[in-house]
Amino acid sequence: MTVDKMYGLNDGTDTPAIGLGTVGLKGARGVGSIVTAIEKNGYRLIDTSTNYDNEGAVGEAIRRTAVPREELIINSKLPGAAHDYDQAIQMIQESLYRIGIDYFDKYLIHWPLPKQGKYVEAWQALIDARKFGLIKTIGVSNFLTEHLEKLIDETGVTPATNQIERHPYFNNNELVEDNKRLGIVPEAWSPFGREINDVLENETIRGIAQKYGKSPAQIIVRWNVQNDVLVIPKSSSPVHQRENLDVFDFELSNEDVKEIDSLDKGEEGRVEGQHPNEYEEFV
């Protein structure tokens, strides 16, 4: 299985339309799941974070796999505790040491923390870390339009990607379109809404899945891909890993896309109520 669609980023690099989310994949089991995703199921984009406490597992999986390092896209994220410039540079270096690689293919600021007012300083650290050869592609996560515009206005550097909450109960379509307008590829985290809601059991999603002979998860992945949103579903199951990539042999009708969009619950649909202007993450 391979990812049949790539996105061109604004820095001239390319990324697969689907990656592997790794939150919760830890220890020996986590290593095994990540190795399987890479070697047997064709994943090349692996998404982790300092906050996931599994950078070591990701690094061990990289060492165990026979796939050459240059074929992999390893993505991690800067925690809120390290938004000061010097701390950010040190954290990037520490994360590289933990994973055991020389550079990140992609690295993001995990949350903007606008109440702290340091995300531009953190962004400058990522800009410089790229110049130092520590990162190839830089981006952000959970940034709203005003945060993105402030970064661009104050540094002249536009993030390549913005990883945001997006699933049928919180489609975030306005922010998706703003990202595209700014030349930023939007990414969807928690595309299945996590365990606290029933999006995979939703009758509308299940009805559309039955129509196409696909699973509810495949319908949601396809919904993202069709909207040019990079999607990073997490799965430890080899079967579900393969299933999440098997979405390029059908196309949702415009009516089905609109029906999925209509499931949006606005702010009430957020999985944990984490509004980027309010949520403070200091891990």
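Just so you know, residue 1 is the first one in the sequence shown, and it goes up from there.
Of all heavy-atom pairs between Ser49 and Lys77, the closest is OG-CB, 3.7 Å. The minimum heavy-atom distance between Ile38 and Arg44, with the atom names listed, is O-NH1, 2.9 Å. Taking both residues in full, the closest heavy atoms of Ala217 and Asn244 are given as CB-OD1, 3.9 Å, listed atom of the first, atom of the second, then distance. Asn54 and Leu25 make their closest contact through ND2-O, 3.0 Å (heavy atoms, listed as atom of the first residue, atom of the second, distance). Minimum interatomic distance between Ile73 and Asp14 (heavy atoms only, all atoms of both residues): CD1-O, 3.9 Å. Annotation for Gly193 and Val271: closest pair O-CG1, 3.1 Å, computed over non-hydrogen atoms.
You'll find the side chain of Glu154 reaches within 4.5 Å of the side chain of Lys150, heavy atoms only. In this structure, Trp123 and Ile138 have side chains that are in contact, with non-hydrogen atoms separated by less than 4.5 Å. Counting heavy atoms from C-beta outward, Lys40 and Pro238 have side chains that stay 4.5 Å or more apart. Between Arg69 and Asp102 there is no side-chain heavy-atom pair separated by less than 4.5 Å. For the pair Asp86 and Asp84, the minimum side-chain heavy-atom distance is 4.5 Å or more. In this structure, the side chains of Pro191 and Val221 stay at 4.5 Å or more apart for every pair of heavy atoms. The closest side-chain heavy-atom distance from His83 to Glu121 is not below 4.5 Å. Looking only at side-chain heavy atoms (C-beta outward), Thr50 and Glu94 stay at 4.5 Å or farther from each other.
More than 12 non-hydrogen atoms from other residues, nucleotides or ligands lie less than 6.0 angstrom from CD of Glu71. Around atom CZ of Arg63, more than 12 heavy atoms belonging to other residues, nucleotides or ligands sit under 6.0 Å away. Atom CD of Glu267 sits in a crowded spot, with more than 12 heavy atoms from other residues, nucleotides or ligands closer than 6.0 Å. The local environment of CD in Glu268 is sparse, with at most 12 non-hydrogen atoms from other residues, nucleotides or ligands closer than 6.0 Å. In this structure, Phe132 places its CZ atom where more than 12 heavy-atom neighbours from other residues, nucleotides or ligands lie under 6.0 Å away.
Residues Phe170 and Val257 are members of separate hydrophobic clusters, defined by side-chain heavy-atom contacts under 4.5 angstrom among Ile, Leu, Val, Met, Phe, Trp and Tyr. The cluster map of Ile, Leu, Val, Met, Phe, Trp and Tyr, joined by side-chain heavy atoms under 4.5 Å apart, puts Leu200 and Val225 in the same cluster. Note on Tyr119: it clusters hydrophobically with Tyr107, by side-chain heavy-atom contacts below 4.5 Å among ILVMFWY residues. Cluster membership for Val157 and Ile184, using ILVMFWY side-chain heavy atoms within less than 4.5 angstrom, is shared. Both Phe250 and Ile260 sit in one connected hydrophobic cluster of ILVMFWY residues. Membership requires side-chain heavy atoms under 4.5 Å apart, directly or through other members.
Side-chain contact annotation: Asn10 with Thr158, donor-acceptor N/O pair under 3.5 Å absent. No side-chain donor-acceptor contact under 3.5 Å links Ser235 and Gln241. Counting only N and O atoms by type, the side chains of Asn142 and Glu281 include no donor and acceptor under 3.5 Å apart. For the 3.5 Å distance criterion, the side chains of Trp223 and Asp261 qualify, holding a donor opposite an acceptor. Using modelled atom types, one finds a donor on one side chain and an acceptor on the other under 3.5 Å when comparing Asp11 with Thr13. Using a 3.5 Å distance cut-off with no hydrogens or angles, the side chains of Asp128 and Gln124 do pair a donor with an acceptor.
Going from atom OG of Ser215 over to atom CD of Gln210 covers 13.0 Å, rounded to the nearest 0.5 Å. How far CG of Asp264 is from NE2 of His167: 9.0 Å, rounded to the nearest 0.5 Å. The line from NZ of Lys106 to OG1 of Thr137 is 7.5 Å long, rounded to the nearest 0.5 Å. Gln226 CD to Ser253 OG: the interatomic distance, rounded to the nearest 0.5 Å, is 8.5 Å. The distance from atom CD1 of Ile101 to atom CD of Glu55, rounded to the nearest 0.5 Å, is 8.5 Å. We find the CG-CD distance between Asn171 and Glu165 to be 11.0 Å, quoted to the nearest 0.5 Å.
In this view, Asn202 and Tyr169, Thr204, Ile205, Leu263 satisfy the side chain to side chain contact (heavy atoms under 4.5 Å, CB included) rule, not counting sequence neighbours.
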Using the side chain to side chain contact (heavy atoms under 4.5 Å, CB included) rule, take Asn277 and His147 through it: C-alpha gap first, then chi angles, then the decisive distance, then the call.
CA-CA 9 Å; Asn277 270 334; His147 308 143; 2.9 Å; yes
Apply the test side chain to side chain contact (heavy atoms under 4.5 Å, CB included) to residues Asn75 and Thr15: give CA-CA distance (whole Å), side-chain angles for both, the deciding distance (0.1 Å), then the verdict.
CA-CA 11 Å; Asn75 179 87; Thr15 185; over 6 Å; no
Apply side chain to side chain contact (heavy atoms under 4.5 Å, CB included) to residues Arg222 and Glu251 and explain how you reach the verdict.
CA-CA 8 Å; Arg222 180 68 203 183; Glu251 184 171 342; 3.9 Å; yes
Check step by step if side chain to side chain contact (heavy atoms under 4.5 Å, CB included) holds for Val229 and Asn179.
CA-CA 10 Å; Val229 175; Asn179 275 269; over 6 Å; no
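Among Val185, Val140, Asp47, Ile109, the single residue meeting the side chain to side chain contact (heavy atoms under 4.5 Å, CB included) criterion with Gln163 is Asp47.
Under a 4.0 Å N-O distance rule, the pair Glu278/Lys115 qualifies as a salt bridge. Here Lys258 does not pair with Glu255 in a salt bridge; the nearest charged N to carboxylate O distance is not below 4.0 Å. Taking a cutoff of 4.0 Å between a charged side-chain nitrogen and a carboxylate oxygen, Asp249 and Lys214 qualify as a salt bridge.
Looking at Glu243, its side chain never comes within 3.5 Å of a backbone N or O of Gln218 through a donor-acceptor pair. Looking at Arg166, its side chain never comes within 3.5 Å of a backbone N or O of Asn172 through a donor-acceptor pair.
Classification of the Trp111-Trp189 ring pair by plane angle, with boundaries at 30° and 60°, yields perpendicular.
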